Number of protein chains: 2
Amino acid sequence: MALSAALLAAAGELTQRIHEGVVARGFEGVRPAHGFAFARLAPDGATVGDVAAHLGVTKQAASQLVEELVRKGYVERRPHPDDARARLVVLTELGWACTRAAEEAAADAVRAWAEVVGEDEMRALHARLAGIAPYGPIRPAW
Amino acid sequence: MALSAALLAAAGELTQRIHEGVVARGFEGVRPAHGFAFARLAPDGATVGDVAAHLGVTKQAASQLVEELVRKGYVERRPHPDDARARLVVLTELGWACTRAAEEAAADAVRAWAEVVGEDEMRALHARLAGIAPYGPIRPAW
DNA sequence: AGATTATGGTCAAGCAGCTTGACCAAATAG
DNA sequence: CTATTTGGTCAAGCTGCTTGACCATAATCT
């Protein structure tokens, strides 16, 4: 199996498992791309442009995605403290709960893998990946 | 950076580099998903259903993709030797040339990574990934 | 300062690629 | 030899993204 195929298969499988875990924990109407947006929003919020760059899509697409998350109650738009044009998108309590659920689901999935290849190996894998693609966007499609 | 994000970023970056390499070698009108279809078709051809399973999409979607590749001259449909319902999709000479170009581009990209983390590490990475997601579909999107 | 350009964001329209549903022909099962 | 399953296509529809236009604020330049 080619490396690219292996990477994609692993990434896809992990993404799907996390998504299933999130749904199983009772969060509805969320897609994997939302989860990656949450990851960018989590610490202190972010602008639509930040989310767009993180997901590797246009600002308009990110704006639509945020709008959807607002409708569903996962995030809210607040005025940006330093820039009157910008709006700071922050997670609501529901958004935080969903993020925690995703982290739990991810931990479960990684644990399952660690049982196959060993925990040290997983850490090594993670470290190598981080060295290879430090800050690339999380392309939701291609 | 979370493992899933690292996996996706790495997978996305590699996919994109391969794609750029293929385009730079003069092949037009091909998308990454086509390359993954080629990988399934490469040895001896495959049916539309096989391609669908490999890509993780419906038969209809795979059928459309194959139709597009036929139009562009990368593959052709032949009667299936053992089953009159089925049709064997095989690469044309152009399709083989494109596949070779993709392999070259992939080798270039992997070489660049190997310079960062070391060649042994790349092999180890590959082996671990293969152990983790042995035969999952290559989901083109989510 | 005022004029100009750049930046953050949204609205609107269009499109590519996927899905579901219906259907046909050949293969397999009863 | 009917009845069901399987491989494949046709058709219609939808979702999520893109490009293009536009507004308001910020930064830059005389």
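Here is the naming used below: chain letters follow the sequence lines, and residue numbers restart at 1 for every chain. Just so you know, these numbers come straight off a predicted model, no measurement behind them.
Contacts between residues 58-67 of chain B and DNA chain D, defined by a heavy-atom separation under 4.0 Å, are made by Lys59(B), Gln60(B), Ser63(B). Of the residues in residues 71-85 of chain B, those with a non-hydrogen atom less than 4.0 angstrom from any atom of DNA chain C are Asp83(B), Ala84(B), Arg85(B).
When all heavy atoms of Arg128(A) and Ala124(B) are compared, the pair lying nearest together is NH1-CB, 4.2 Å. Counting all heavy atoms, side chain and backbone alike, His34(A) lies closest to Val30(A) at ND1-CA, 3.4 Å. Val117(B) and Met122(B) get closest at one heavy-atom pair: CG2-SD, 3.7 Å. Glu28(B) and Tyr74(B) get closest at one heavy-atom pair: O-OH, 3.0 Å.
When the C1' atom of dC15(C) is taken as reference, atom CD of Glu68(B) falls 14 Å away, rounded to whole Å. Rounding to whole angstrom units, CG of residue Asp50(A) and P of dT7(C) are separated by 14 Å. Rounded to whole Å, atom P of dT7(C) lies 20 Å from atom CG of Leu88(A). Rounding to whole angstrom units, CZ of residue Arg31(B) and C1' of dA16(C) are separated by 8 Å. Following rounding to the nearest Å, Arg87(B) (CZ) and dA27(C) (P) show an atom-to-atom distance of 14 Å. Atom P of nucleotide dG16(D) and atom CZ of Phe36(A) are separated by 16 Å, given to the nearest angstrom.
Look at Glu93(B) and Arg100(B) and you find a salt bridge, because one of the NZ, NE, NH1 or NH2 atoms lies within 4.0 Å of a carboxylate O, short of that distance. A salt bridge does not link Glu104(B) with Arg111(B): every distance from a Lys NZ or Arg NE/NH1/NH2 to an Asp or Glu carboxylate oxygen is 4.0 Å or more. Salt bridge status for Glu20(B) with Arg25(B): absent, with no side-chain N to carboxylate O gap under 4.0 Å.
Comparing atom distances between the Thr47(B) side chain and each of dT9(D), dG9(C), dG7(D) picks out dG7(D) as nearest. You'll find that the side chain of Val57(A) is closest to dT18(D), out of dT18(D), dC18(C), dG8(C).
A donor-acceptor pair shorter than 3.5 Å cannot be found between the side chains of Arg123(A) and His126(A).
A 4.5 Å side-chain heavy-atom check between Val89(B) and Thr47(B) finds every atom pair outside the cut-off.
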